[in-house]
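Values below: every heavy atom of this structure, side chains too, minus hydrogens, waters and symmetry copies.
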Amino acid sequence: MTATATQDPQGSRPDPGARADSPGRPEQAPGEPRRHASPGAALDVLPHVLRGTLAWTDAHRAAFALPDDVLDARTQVNGTLKPLGELAQLCSTVRLSTAPGTPEHELAGDLVTYAWDEVSRGELLLELLRTEPFAAYPYEIYAAFAGYGLRHEGFEALARPLTATRSWAHTEQHANRQLGLVNSERRVGVVPHTDAGAVLSRTWLGGLSEPWTFEGPSGYSLTHTVFHLTDWGRMPDRVPEKIDAYLRTWLPAWADGCLESSQWDLTGELLAVAASLPGPAPLELMDAVWPVLADVQHASGCVPETGVPVQDPTPGDPYAFIDCYHSTLVTAFAAALSLRSLRRTDTTTPGREGHTA
(Lines give C-alpha, C1' and ligand atoms only; values in the text may rest on other atoms or scores of the structure.)
Protein backbone atom coordinates (compact mmCIF):
# COMPACT_ATOMS: atom_id res chain seq x y z
CA MET A 1 0.00 0.00 0.00
CA THR A 2 2.50 2.51 -1.02
CA ALA A 3 1.17 5.39 -3.03
CA THR A 4 1.49 3.04 -6.00
CA ALA A 5 -1.21 0.72 -4.69
CA THR A 6 -4.77 1.93 -5.08
CA GLN A 7 -6.68 -1.32 -5.26
CA ASP A 8 -6.60 -4.57 -3.38
CA PRO A 9 -3.06 -5.98 -3.54
CA GLN A 10 -3.86 -9.31 -5.17
CA GLY A 11 -6.54 -8.35 -7.69
CA SER A 12 -10.28 -9.01 -7.55
CA ARG A 13 -11.84 -10.20 -4.31
CA PRO A 14 -15.29 -11.30 -3.16
CA ASP A 15 -17.48 -8.22 -2.88
CA PRO A 16 -17.56 -7.04 0.76
CA GLY A 17 -20.28 -4.52 0.01
CA ALA A 18 -22.70 -7.04 -1.38
CA ARG A 19 -23.35 -8.50 2.04
CA ALA A 20 -23.47 -5.31 4.06
CA ASP A 21 -27.20 -4.85 3.55
CA SER A 22 -28.22 -8.25 2.23
CA PRO A 23 -31.85 -9.47 2.44
CA GLY A 24 -32.75 -11.30 5.60
CA ARG A 25 -30.51 -9.30 7.89
CA PRO A 26 -32.09 -7.21 10.67
CA GLU A 27 -32.78 -3.63 9.70
CA GLN A 28 -30.40 -1.26 11.40
CA ALA A 29 -29.81 2.45 11.50
CA PRO A 30 -26.76 3.70 9.58
CA GLY A 31 -23.72 3.95 11.78
CA GLU A 32 -24.91 1.47 14.39
CA PRO A 33 -22.43 -1.41 14.73
CA ARG A 34 -24.00 -4.76 13.91
CA ARG A 35 -21.67 -6.51 16.36
CA HIS A 36 -21.77 -6.07 20.10
CA ALA A 37 -19.17 -3.55 21.17
CA SER A 38 -17.78 -3.96 24.67
CA PRO A 39 -16.45 -0.60 25.89
CA GLY A 40 -12.67 -0.64 25.92
CA ALA A 41 -12.44 -3.86 23.89
CA ALA A 42 -10.22 -2.28 21.23
CA LEU A 43 -7.71 -0.95 23.74
CA ASP A 44 -7.59 -4.37 25.37
CA VAL A 45 -6.34 -6.09 22.19
CA LEU A 46 -4.51 -3.39 20.25
CA PRO A 47 -1.13 -3.42 22.04
CA HIS A 48 -0.79 -7.17 21.47
CA VAL A 49 -1.91 -6.87 17.84
CA LEU A 50 0.66 -4.14 17.15
CA ARG A 51 3.50 -6.02 18.83
CA GLY A 52 2.65 -9.22 16.97
CA THR A 53 2.45 -7.67 13.51
CA LEU A 54 5.75 -5.84 13.95
CA ALA A 55 7.46 -8.95 15.31
CA TRP A 56 6.31 -10.97 12.29
CA THR A 57 7.46 -8.22 9.92
CA ASP A 58 10.85 -8.04 11.60
CA ALA A 59 11.26 -11.82 11.42
CA HIS A 60 10.46 -11.72 7.68
CA ARG A 61 12.37 -8.60 6.70
CA ALA A 62 14.58 -10.62 4.35
CA ALA A 63 11.49 -11.34 2.21
CA PHE A 64 11.29 -7.58 1.49
CA ALA A 65 14.87 -7.48 0.18
CA LEU A 66 15.28 -6.35 -3.43
CA PRO A 67 16.73 -8.79 -5.97
CA ASP A 68 19.99 -8.05 -7.71
CA ASP A 69 18.15 -7.50 -11.02
CA VAL A 70 15.65 -5.02 -9.60
CA LEU A 71 16.62 -2.44 -12.24
CA ASP A 72 16.04 -4.89 -15.09
CA ALA A 73 13.01 -3.85 -17.14
CA ARG A 74 11.65 -7.40 -16.89
CA THR A 75 11.57 -7.39 -13.08
CA GLN A 76 8.07 -7.16 -11.66
CA VAL A 77 7.64 -4.00 -9.60
CA ASN A 78 4.63 -5.40 -7.70
CA GLY A 79 6.72 -8.23 -6.27
CA THR A 80 9.83 -6.22 -5.42
CA LEU A 81 9.68 -2.45 -5.03
CA LYS A 82 6.02 -2.31 -4.07
CA PRO A 83 6.34 -4.43 -0.89
CA LEU A 84 9.47 -2.54 0.14
CA GLY A 85 7.77 0.81 -0.44
CA GLU A 86 4.82 -0.35 1.63
CA LEU A 87 7.17 -1.41 4.40
CA ALA A 88 8.71 2.08 4.43
CA GLN A 89 5.40 3.93 4.21
CA LEU A 90 3.47 2.04 6.85
CA CYS A 91 6.31 1.55 9.32
CA SER A 92 7.20 5.24 9.13
CA THR A 93 3.64 6.04 10.22
CA VAL A 94 3.86 3.47 13.02
CA ARG A 95 7.10 5.09 14.16
CA LEU A 96 5.56 8.58 14.15
CA SER A 97 2.39 7.36 15.92
CA THR A 98 4.07 5.56 18.82
CA ALA A 99 5.82 6.86 21.89
CA PRO A 100 9.61 7.28 21.72
CA GLY A 101 11.46 4.65 23.68
CA THR A 102 8.81 1.97 23.29
CA PRO A 103 9.79 -1.30 21.54
CA GLU A 104 7.22 -0.66 18.81
CA HIS A 105 8.62 2.79 18.09
CA GLU A 106 12.18 1.54 17.89
CA LEU A 107 11.39 -1.53 15.78
CA ALA A 108 9.31 0.45 13.30
CA GLY A 109 12.16 2.91 12.86
CA ASP A 110 14.62 0.07 12.36
CA LEU A 111 12.43 -1.37 9.60
CA VAL A 112 12.28 1.99 7.82
CA THR A 113 16.07 2.19 8.00
CA TYR A 114 16.28 -1.32 6.55
CA ALA A 115 14.08 -0.28 3.61
CA TRP A 116 16.19 2.86 3.06
CA ASP A 117 19.33 0.77 2.96
CA GLU A 118 17.69 -1.57 0.43
CA VAL A 119 17.27 1.34 -1.98
CA SER A 120 20.90 2.32 -1.33
CA ARG A 121 19.81 5.39 0.61
CA GLY A 122 18.01 6.77 -2.42
CA GLU A 123 20.60 5.99 -5.09
CA LEU A 124 18.56 3.11 -6.53
CA LEU A 125 15.48 5.35 -6.78
CA LEU A 126 17.56 7.90 -8.65
CA GLU A 127 18.51 5.20 -11.15
CA LEU A 128 14.85 4.28 -11.54
CA LEU A 129 13.94 7.91 -12.13
CA ARG A 130 16.61 8.20 -14.82
CA THR A 131 15.23 5.07 -16.50
CA GLU A 132 11.55 6.05 -16.21
CA PRO A 133 11.51 9.83 -15.72
CA PHE A 134 7.73 10.20 -16.02
CA ALA A 135 6.69 7.11 -14.09
CA ALA A 136 5.04 8.00 -10.79
CA TYR A 137 6.15 5.04 -8.70
CA PRO A 138 9.84 5.97 -8.15
CA TYR A 139 8.73 9.42 -7.00
CA GLU A 140 6.01 8.04 -4.73
CA ILE A 141 8.33 5.51 -3.11
CA TYR A 142 10.92 8.23 -2.59
CA ALA A 143 8.23 10.44 -1.01
CA ALA A 144 7.56 7.74 1.60
CA PHE A 145 11.13 8.21 2.79
CA ALA A 146 11.17 11.98 2.33
CA GLY A 147 8.11 12.31 4.55
CA TYR A 148 10.13 10.57 7.24
CA GLY A 149 13.12 12.87 6.77
CA LEU A 150 15.30 10.60 4.61
CA ARG A 151 16.41 12.45 1.48
CA HIS A 152 18.71 12.10 -1.50
CA GLU A 153 19.97 15.33 -3.03
CA GLY A 154 20.59 13.86 -6.49
CA PHE A 155 17.08 12.40 -6.73
CA GLU A 156 15.47 15.71 -5.87
CA ALA A 157 17.73 17.64 -8.23
CA LEU A 158 16.55 15.49 -11.13
CA ALA A 159 12.93 15.28 -10.01
CA ARG A 160 12.50 19.03 -9.60
CA PRO A 161 12.54 19.97 -13.32
CA LEU A 162 10.64 16.82 -14.28
CA THR A 163 7.73 17.60 -11.95
CA ALA A 164 7.56 21.14 -13.35
CA THR A 165 6.77 19.95 -16.89
CA ARG A 166 3.36 20.09 -18.58
CA SER A 167 3.70 16.37 -19.25
CA TRP A 168 3.93 15.60 -15.52
CA ALA A 169 0.96 17.84 -14.73
CA HIS A 170 -1.19 16.21 -17.41
CA THR A 171 -0.42 12.56 -16.80
CA GLU A 172 -3.75 10.75 -17.07
CA GLN A 173 -4.62 8.99 -13.80
CA HIS A 174 -7.57 7.97 -11.69
CA ALA A 175 -8.48 10.71 -9.24
CA ASN A 176 -7.33 8.94 -6.08
CA ARG A 177 -3.99 8.12 -7.74
CA GLN A 178 -3.59 11.77 -8.64
CA LEU A 179 -4.34 12.70 -5.04
CA GLY A 180 -1.52 10.35 -4.00
CA LEU A 181 0.86 12.15 -6.33
CA VAL A 182 -0.17 15.51 -4.87
CA ASN A 183 0.62 14.21 -1.39
CA SER A 184 3.98 12.91 -2.61
CA GLU A 185 4.80 16.34 -4.02
CA ARG A 186 3.93 17.93 -0.69
CA ARG A 187 6.22 15.50 1.10
CA VAL A 188 9.14 16.16 -1.21
CA GLY A 189 8.54 19.89 -0.87
CA VAL A 190 7.57 20.97 -4.38
CA VAL A 191 4.49 22.90 -5.43
CA PRO A 192 1.72 20.36 -6.19
CA HIS A 193 0.88 20.11 -9.86
CA THR A 194 -2.85 20.59 -9.19
CA ASP A 195 -5.29 21.51 -6.44
CA ALA A 196 -5.99 18.67 -4.01
CA GLY A 197 -9.55 19.83 -3.35
CA ALA A 198 -10.49 19.67 -7.01
CA VAL A 199 -9.03 16.18 -7.30
CA LEU A 200 -10.80 15.03 -4.12
CA SER A 201 -14.16 16.04 -5.55
CA ARG A 202 -13.65 13.58 -8.44
CA THR A 203 -13.02 10.56 -6.21
CA TRP A 204 -15.64 7.97 -5.22
CA LEU A 205 -15.43 9.24 -1.64
CA GLY A 206 -15.35 12.92 -2.51
CA GLY A 207 -18.59 12.51 -4.44
CA LEU A 208 -20.27 11.00 -1.35
CA SER A 209 -21.29 8.07 -3.51
CA GLU A 210 -24.32 5.98 -2.64
CA PRO A 211 -23.13 3.80 0.25
CA TRP A 212 -24.73 0.67 -1.17
CA THR A 213 -22.32 0.88 -4.15
CA PHE A 214 -19.40 0.08 -1.84
CA GLU A 215 -17.43 -2.95 -3.07
CA GLY A 216 -13.82 -4.08 -3.22
CA PRO A 217 -12.42 -1.61 -5.78
CA SER A 218 -14.37 1.35 -4.43
CA GLY A 219 -13.40 0.32 -0.90
CA TYR A 220 -9.69 0.46 -1.67
CA SER A 221 -10.20 3.69 -3.60
CA LEU A 222 -11.93 5.15 -0.55
CA THR A 223 -9.22 4.09 1.90
CA HIS A 224 -6.40 5.40 -0.24
CA THR A 225 -8.21 8.67 -0.82
CA VAL A 226 -8.23 9.17 2.95
CA PHE A 227 -4.60 8.06 3.30
CA HIS A 228 -3.42 10.51 0.64
CA LEU A 229 -5.65 13.30 1.93
CA THR A 230 -4.41 12.94 5.53
CA ASP A 231 -0.79 12.08 4.68
CA TRP A 232 -1.30 8.52 5.89
CA GLY A 233 -3.22 9.47 9.01
CA ARG A 234 -0.84 12.20 10.15
CA MET A 235 -3.14 15.15 9.35
CA PRO A 236 -6.76 14.22 10.19
CA ASP A 237 -7.88 17.84 10.02
CA ARG A 238 -7.55 17.72 6.24
CA VAL A 239 -10.75 15.62 6.09
CA PRO A 240 -13.68 17.91 5.15
CA GLU A 241 -16.65 17.96 7.53
CA LYS A 242 -19.08 16.38 5.05
CA ILE A 243 -16.71 13.49 4.33
CA ASP A 244 -16.07 13.00 8.04
CA ALA A 245 -19.81 12.73 8.71
CA TYR A 246 -20.32 10.41 5.73
CA LEU A 247 -17.56 8.06 6.87
CA ARG A 248 -18.72 8.00 10.48
CA THR A 249 -22.19 7.04 9.25
CA TRP A 250 -21.22 4.24 6.88
CA LEU A 251 -17.92 2.78 8.06
CA PRO A 252 -19.67 0.43 10.54
CA ALA A 253 -21.81 -1.20 7.84
CA TRP A 254 -18.90 -1.48 5.40
CA ALA A 255 -16.60 -2.96 8.04
CA ASP A 256 -19.29 -5.44 9.00
CA GLY A 257 -19.62 -6.53 5.38
CA CYS A 258 -15.86 -7.00 5.14
CA LEU A 259 -15.84 -9.13 8.28
CA GLU A 260 -18.64 -11.33 6.98
CA SER A 261 -16.86 -11.88 3.67
CA SER A 262 -13.49 -12.46 5.39
CA GLN A 263 -11.84 -9.42 3.80
CA TRP A 264 -9.25 -8.90 6.52
CA ASP A 265 -6.97 -6.62 4.51
CA LEU A 266 -9.77 -4.22 3.61
CA THR A 267 -11.07 -4.41 7.18
CA GLY A 268 -7.68 -3.21 8.38
CA GLU A 269 -7.67 -0.35 5.91
CA LEU A 270 -11.15 0.74 7.00
CA LEU A 271 -9.98 0.74 10.63
CA ALA A 272 -7.03 2.91 9.61
CA VAL A 273 -9.50 5.29 7.95
CA ALA A 274 -11.59 5.40 11.13
CA ALA A 275 -8.45 6.29 13.10
CA SER A 276 -7.57 9.05 10.60
CA LEU A 277 -10.74 11.07 11.13
CA PRO A 278 -10.65 14.40 12.95
CA GLY A 279 -12.15 14.61 16.41
CA PRO A 280 -12.96 11.71 18.76
CA ALA A 281 -12.33 8.15 17.67
CA PRO A 282 -15.41 6.17 16.55
CA LEU A 283 -15.38 4.10 19.73
CA GLU A 284 -18.23 1.68 19.05
CA LEU A 285 -16.85 0.78 15.62
CA MET A 286 -13.35 0.13 16.96
CA ASP A 287 -14.57 -1.80 20.00
CA ALA A 288 -16.73 -3.99 17.75
CA VAL A 289 -14.24 -4.69 14.96
CA TRP A 290 -10.77 -4.81 16.52
CA PRO A 291 -11.45 -7.89 18.69
CA VAL A 292 -12.57 -9.77 15.58
CA LEU A 293 -9.42 -8.87 13.66
CA ALA A 294 -7.34 -9.75 16.72
CA ASP A 295 -8.88 -13.24 16.67
CA VAL A 296 -7.93 -13.57 12.99
CA GLN A 297 -4.29 -12.76 13.73
CA HIS A 298 -2.13 -15.88 13.81
CA ALA A 299 0.04 -16.69 16.82
CA SER A 300 3.08 -15.77 14.69
CA GLY A 301 1.71 -12.22 14.35
CA CYS A 302 0.68 -12.26 10.69
CA VAL A 303 -2.81 -11.54 9.35
CA PRO A 304 -4.14 -13.14 6.13
CA GLU A 305 -5.54 -11.00 3.36
CA THR A 306 -8.73 -12.99 2.95
CA GLY A 307 -10.39 -16.27 3.75
CA VAL A 308 -10.74 -18.57 6.72
CA PRO A 309 -7.84 -17.90 9.12
CA VAL A 310 -5.47 -20.69 10.08
CA GLN A 311 -5.87 -21.57 13.77
CA ASP A 312 -2.91 -23.94 14.10
CA PRO A 313 -0.55 -22.35 16.67
CA THR A 314 2.46 -24.50 15.80
CA PRO A 315 5.65 -22.72 14.69
CA GLY A 316 6.10 -21.95 11.02
CA ASP A 317 4.45 -19.75 8.43
CA PRO A 318 0.72 -20.43 8.06
CA TYR A 319 0.49 -18.42 4.82
CA ALA A 320 2.71 -17.63 1.87
CA PHE A 321 4.45 -14.27 2.25
CA ILE A 322 2.56 -12.76 -0.69
CA ASP A 323 -0.77 -13.73 0.92
CA CYS A 324 -0.21 -12.00 4.24
CA TYR A 325 2.56 -9.38 4.15
CA HIS A 326 0.29 -6.52 3.03
CA SER A 327 -2.53 -7.28 5.43
CA THR A 328 -0.03 -7.67 8.27
CA LEU A 329 1.54 -4.28 7.52
CA VAL A 330 -1.90 -2.71 7.19
CA THR A 331 -2.94 -4.16 10.54
CA ALA A 332 0.18 -2.72 12.20
CA PHE A 333 -0.49 0.66 10.57
CA ALA A 334 -4.15 0.65 11.62
CA ALA A 335 -3.32 -0.53 15.14
CA ALA A 336 -0.80 2.27 15.70
CA LEU A 337 -3.23 4.91 14.41
CA SER A 338 -6.10 3.44 16.43
CA LEU A 339 -4.09 3.42 19.65
CA ARG A 340 -3.15 7.04 19.08
CA SER A 341 -6.74 8.02 18.32
CA LEU A 342 -8.29 6.07 21.20
CA ARG A 343 -5.80 7.30 23.77
CA ARG A 344 -6.36 10.90 22.69
CA THR A 345 -10.11 10.35 23.00
CA ASP A 346 -9.65 8.84 26.47
CA THR A 347 -7.87 11.97 27.68
CA THR A 348 -10.07 14.57 25.96
CA THR A 349 -13.62 13.24 26.28
CA PRO A 350 -15.40 14.43 29.46
CA GLY A 351 -16.55 11.58 31.69
CA ARG A 352 -14.14 9.02 30.25
CA GLU A 353 -11.43 7.60 32.43
CA GLY A 354 -7.95 7.19 31.02
CA HIS A 355 -7.33 3.63 29.84
CA THR A 356 -3.84 2.26 29.83
CA ALA A 357 -2.77 -0.99 28.21
Side-chain angles (χ1 to χ4, degrees), residues 1 33 35-61 86-87 89-112 227 232-234 236 251 255 258-259 264-265 267-277 280-304 309-311 313 315 318 324-349 352-357:
M1 198 178 52
R35 299 168 190 275
H36 177 67
S38 300
L43 278 173
D44 287 340
V45 301
L46 277 167
H48 177 76
V49 169
L50 179 56
R51 285 192 295 267
T53 50
L54 289 176
W56 181 91
T57 304
D58 184 39
H60 292 78
R61 67 169 64 191
E86 290 163 341
L87 178 69
Q89 177 60 75
L90 299 183
C91 285
S92 67
T93 301
V94 172
R95 166 87 173 185
L96 294 170
S97 301
T98 50
T102 60
E104 297 78 23
H105 183 83
E106 300 305 321
L107 180 52
D110 187 48
L111 289 167
V112 177
F227 299 156
W232 298 87
R234 301 176 196 181
L251 277 172
C258 288
L259 292 180
W264 315 122
D265 184 76
T267 297
E269 293 208 6
L270 292 176
L271 285 167
V273 167
S276 300
L277 298 178
L283 298 173
E284 290 191 9
L285 169 64
M286 291 189 177
D287 284 338
V289 178
W290 267 116
V292 180
L293 197 57
D295 286 341
V296 170
Q297 185 179 30
H298 188 260
S300 65
C302 65
V303 176
V310 173
Q311 300 296 336
C324 68
Y325 89 85
H326 185 272
S327 40
T328 302
L329 285 175
V330 162
T331 302
F333 166 63
L337 289 178
S338 294
L339 279 168
R340 181 196 66 182
S341 180
L342 287 167
R343 286 169 174 164
R344 285 178 179 174
T345 299
D346 258 355
T347 60
T348 59
T349 302
R352 285 183 58 85
E353 296 180 357
H355 184 121
T356 58

> Got V94 and L50 here, is their nearest side-chain heavy-atom distance under 4.5 Å?
Replying inline: yes
> Can you tell me how far the NE2 atom of H326 sits from the CG atom of L90, to the nearest 0.5 Å?
Replying inline: 6.5 Å
> What pair of heavy atoms forms the shortest contact from G268 to A334, and how long is it?
Replying inline: O-CB, 3.3 Å
> Would R340 and T93 count as having a side-chain donor-acceptor pair, cut-off 3.5 Å?
Replying inline: no
> At their closest point, which heavy atom of S341 faces which heavy atom of A275, and how far apart are they?
Replying inline: CB-O, 3.9 Å
>> So, taking the atom named CZ in F227 and the one named CG in L337, what distance separates them when rounded to the nearest 0.5 Å?
In response: 8.0 Å
> If we only count heavy atoms from C-beta on, is the R61 to D110 side-chain gap below 4.5 Å?
Replying inline: yes
> Does the S327 side chain pair with the main chain of V303, one donor and one acceptor, at a distance under 3.5 Å?
Replying inline: yes
> Can a salt bridge be assigned to the pair R95 and E104 using a cut-off of 4.0 Å between side-chain N and carboxylate O?
Replying inline: no
>> On a heavy-atom basis, which atom in A294 and which in V49 lie closest, and how many Å separate them?
In response: CB-CG2, 3.7 Å
>> I need the H298 NE2 to C324 SG distance, nearest 0.5 Å.
In response: 10.0 Å
> Does the side chain of T267 come within less than 4.5 Å of L271's, by heavy atoms?
Replying inline: yes
> Is a side-chain N or O of S276 found less than 3.5 angstrom from the main chain of A272, in a donor-acceptor match?
Replying inline: yes
>> How long is the straight-line distance from CG of L54 back to CG of L107, given to the nearest 0.5 Å?
In response: 5.0 Å
> How many angstroms lie between atom CE of M286 and atom CG of L43, to the nearest 0.5 angstrom?
Replying inline: 9.5 Å
> Do any N or O atoms from the side chain of T53 and from the backbone of T331 form a donor-acceptor pair under 3.5 angstrom?
Replying inline: no
> CZ/R51 to CG/L46 distance, rounded to the nearest 0.5 angstrom?
Replying inline: 10.5 Å
> For the residue pair W264 and P309, what are the closest heavy atoms and their distance?
Replying inline: CZ2-CD, 4.2 Å
> Any side-chain heavy atom of C258 sitting closer than 4.5 Å to one from L270?
Replying inline: yes
>> So which atom in A281 and which in L342 form the shortest heavy-atom distance, rounded to 0.1 Å?
In response: CB-CD2, 3.9 Å
>> Taking the side chain as everything from C-beta on, heavy atoms only, tell me whether L283 gets closer than 4.5 Å to P39.
In response: no
>> Between W232 and S92, is there a side-chain heavy-atom distance shorter than 4.5 Å?
In response: no
> Would a 4.5 Å heavy-atom cut-off, applied to side chains only, mark Y325 and T57 as touching?
Replying inline: no
> L329 versus W56: any side-chain heavy-atom pair under 4.5 Å?
Replying inline: no
